[in-house]
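See structure below.
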Amino acid sequence: MSTNRAVNFTGVDFQNPFLLSSAPPTESESNILRAFEAGWGGVVTKTIGLHPVTNVVGAKAKFMRTTPEDSYVSMKKRPGAALHSSWNWELISDKTLDWWLPRIRRIKEAFPDRVLIASIMAGSGNDKELKNWQRLARDCQDAGADGLELNFSCPHMDRRDMGSNIGKDEGLCSVVTEAVKEVARVPVWCKLTPATAEIEVEAGACFRGGADAIVSSNTFPSIPVIDPDTLEFEINVDGFVSSGGLGGPAILPLSLAKMAQMSRAFPDRSFSGIGGISDFSQALSYILLGCGTVQVCTAAMLDQAVGPNVIKRLLAGLDAFLERNAARGWTSVEDFRGIRRDRIVAQSEIRRPDAADYHSGYEAIEGYAGAEARP
Ligand SMILES: Cc1cc2nc3c(=O)[nH]c(=O)nc-3n(C[C@H](O)[C@H](O)[C@H](O)COP(=O)(O)O)c2cc1C
């Protein structure tokens, strides 16, 4: 039986389910061309907007590492330290829509069989902002983008009507998605912030607005650690810091939990998983929870900016997994997608030494009447 890396996700054919997420690896034409040469099945462009963008002075992103000897999590470079996470306060692309459009066209001409998704962002406070979403959507799809990813997730916007502030408001999630769907001829994905208690609520709102898929996670809101010697934040400007985003290995289990909340609530819908992926074992967790594609940022940033070795490992891992499981009749991602989604249950449904020991935290009450009394 031959194995097959290809997937169809929201009606789009991908040579493989591995994408570079919207971030520095996809911030330029040369990066995206190099990414496709390296074998990535798709890219999501760095988020494109219409409002003015100026980044902070100095570093926009850094990596935190730790060692088994000291368990100290720090941005300071130390020999033998392993990656813990990335931290960033980088805004969306500082290039204009007019800069992006000819580049999207040229990239699609060079690689017509690879998938380019345009990540876009505008405000949501009034009709003018909804029209901005529609303009971004129209222009990017006219330039050849195969899909649109709506950024409802950027964690460092002061504007109350932008980024993760949209992703925290189910009304705005629906309204913006609906506005984009009015003009979109290509699939629309919504990238949600993980900074909300019940992410399935916002996911449901996006689906009601017509979303074709939900993408999660963007980075988790966080601040850098404080240096014990200088008493300064490890990243700061003039001593000051503001909330930024955590990515990389540290967020893998957190992001999986968010994905499970959504994919269990909407088992028939499409999801793209992001967070802490650097090889196939992590991608597999997302796929087993129901994701049809996965995306990578931090690991690619650390591997020649676009992850040529990361994509090699992901592809080799998928091939080896399909080979190992050939006897089960699995020949493609679709054959095992979502098969562990139903293993997440209420605490009281997990087996105890004695089944009578635990009653969801309530007192044990004898007999039928007792069972009835429990909520
Ligand atoms: C420096 C940096 C810039 C980012 N910029 C964007 C962006 O413009 N739009 C977006 O949707 N996500 C952005 N992200 C989030 C990533 O796409 C991704 O969701 C997140 O880093 C988690 O994936 P990872 O664990 O593989 O890094 C950025 C992340 C980093 C580290």
Side-chain angles (χ1 to χ4, degrees), residues 9-10 12 14 19-29 31-32 35-36 40-51 53 60-61 88 90-101 103-105 107-108 114-124 129 132-157 162-167 173 176-177 179-181 183-184 186-194 206 211-219 245 247 270-275 293-298 300-301 306:
F9 184 75
T10 62
V12 180
F14 291 77
L19 283 70
L20 280 177
S21 71
S22 174
T26 60
E27 71 186 3
S28 66
E29 179 178 7
N31 270 15
I32 295 175
F36 283 151
W40 290 96
V43 298
V44 184
T45 65
K46 175 81 187 161
T47 302
I48 307 165
L50 294 170
H51 59 287
V53 172
K60 293 179 282 182
N88 88 89
E90 176 177 290
L91 299 173
I92 66 168
S93 178
D94 52 12
K95 306 288 194 302
T96 63
L97 178 62
D98 287 342
W99 184 91
W100 272 101
L101 294 176
R103 286 165 177 82
I104 292 175
R105 238 175 247 122
I107 294 165
K108 279 304 297 181
R114 302 300 174 85
V115 178
L116 184 146
I117 306 291
S119 170
I120 56 175
M121 177 197 272
S124 54
E129 288 297 342
N132 283 341
W133 281 102
Q134 292 183 326
R135 177 175 163 211
L136 287 162
R138 262 199 216 100
D139 285 0
C140 290
Q141 74 186 2
D142 289 350
D146 301 290
L148 301 164
E149 188 178 273
L150 314 189
N151 185 334
F152 297 167
S153 51
C154 195
H156 16 256
M157 308 299 302
M162 268 192 180
S164 61
N165 294 326
I166 297 183
C173 285
V176 174
T177 309
V180 173
K181 283 294 284 187
V183 301
V186 293
V188 173
W189 306 356
C190 296
K191 185 170 178 181
L192 285 179
T193 176
C206 294
D212 298 282
I214 302 292
V215 180
S216 180
S217 289
N218 202 314
T219 49
S270 298
F271 295 94
S272 186
I274 321 182
T293 57
V294 295
Q295 306 184 23
V296 177
C297 166
T298 297
M301 286 175 75
V306 298

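In this structure, CG on Leu192 lies 5.5 Å from SG on Cys173, to the nearest 0.5 angstrom. Note: Ser119 OG to Leu136 CG = 10.0 Å, rounded to the nearest 0.5 Å. The distance from the NZ atom of Lys191 to the CD1 atom of Ile117 is 12.5 Å, given to the nearest 0.5 Å.
The shortest side-chain heavy-atom distance between Glu90 and Pro24 falls under the 4.5 Å cut-off. Using a 4.5 Å cut-off on side-chain heavy atoms (C-beta onward), Cys206 and Ile214 make contact. Two residues are said to be in side-chain contact when any heavy atoms from C-beta on lie closer than 4.5 Å; Lys181 and Asp212 meet this criterion. Within the 4.5 Å cutoff, no side-chain heavy atoms of Ile274 are placed close to those of Cys297. No side-chain heavy atom of Val44 sits less than 4.5 Å from a side-chain heavy atom of Thr26. A 4.5 Å side-chain heavy-atom check between Trp40 and Val296 finds at least one atom pair inside the cut-off. Counting heavy atoms from C-beta outward, Thr293 and Val115 have side chains that stay 4.5 Å or more apart. Counting heavy atoms from C-beta on, the side chains of Ile107 and Phe36 come closer than 4.5 Å.
Using a 3.5 Å distance cut-off with no hydrogens or angles, the side chains of Asn218 and Ser153 do pair a donor with an acceptor. Looking at Trp189 and Thr10, their side chains do bring a donor and an acceptor atom within 3.5 Å of each other.
In summary, Lys95 and Glu29 do not engage in a salt bridge, as defined by a charged side-chain N under 4.0 Å from a carboxylate O. With salt bridges taken as basic N to acidic carboxylate O contacts below 4.0 Å, none links Arg114 and Asp146.
A distance-only check finds a donor-acceptor pair linking the side chain of Trp133 to the backbone of Gly123 [under 3.5 Å]. With hydrogens and angles disregarded, no donor-acceptor distance shorter than 3.5 Å links the side chain of Ser164 to the backbone of Gly167.
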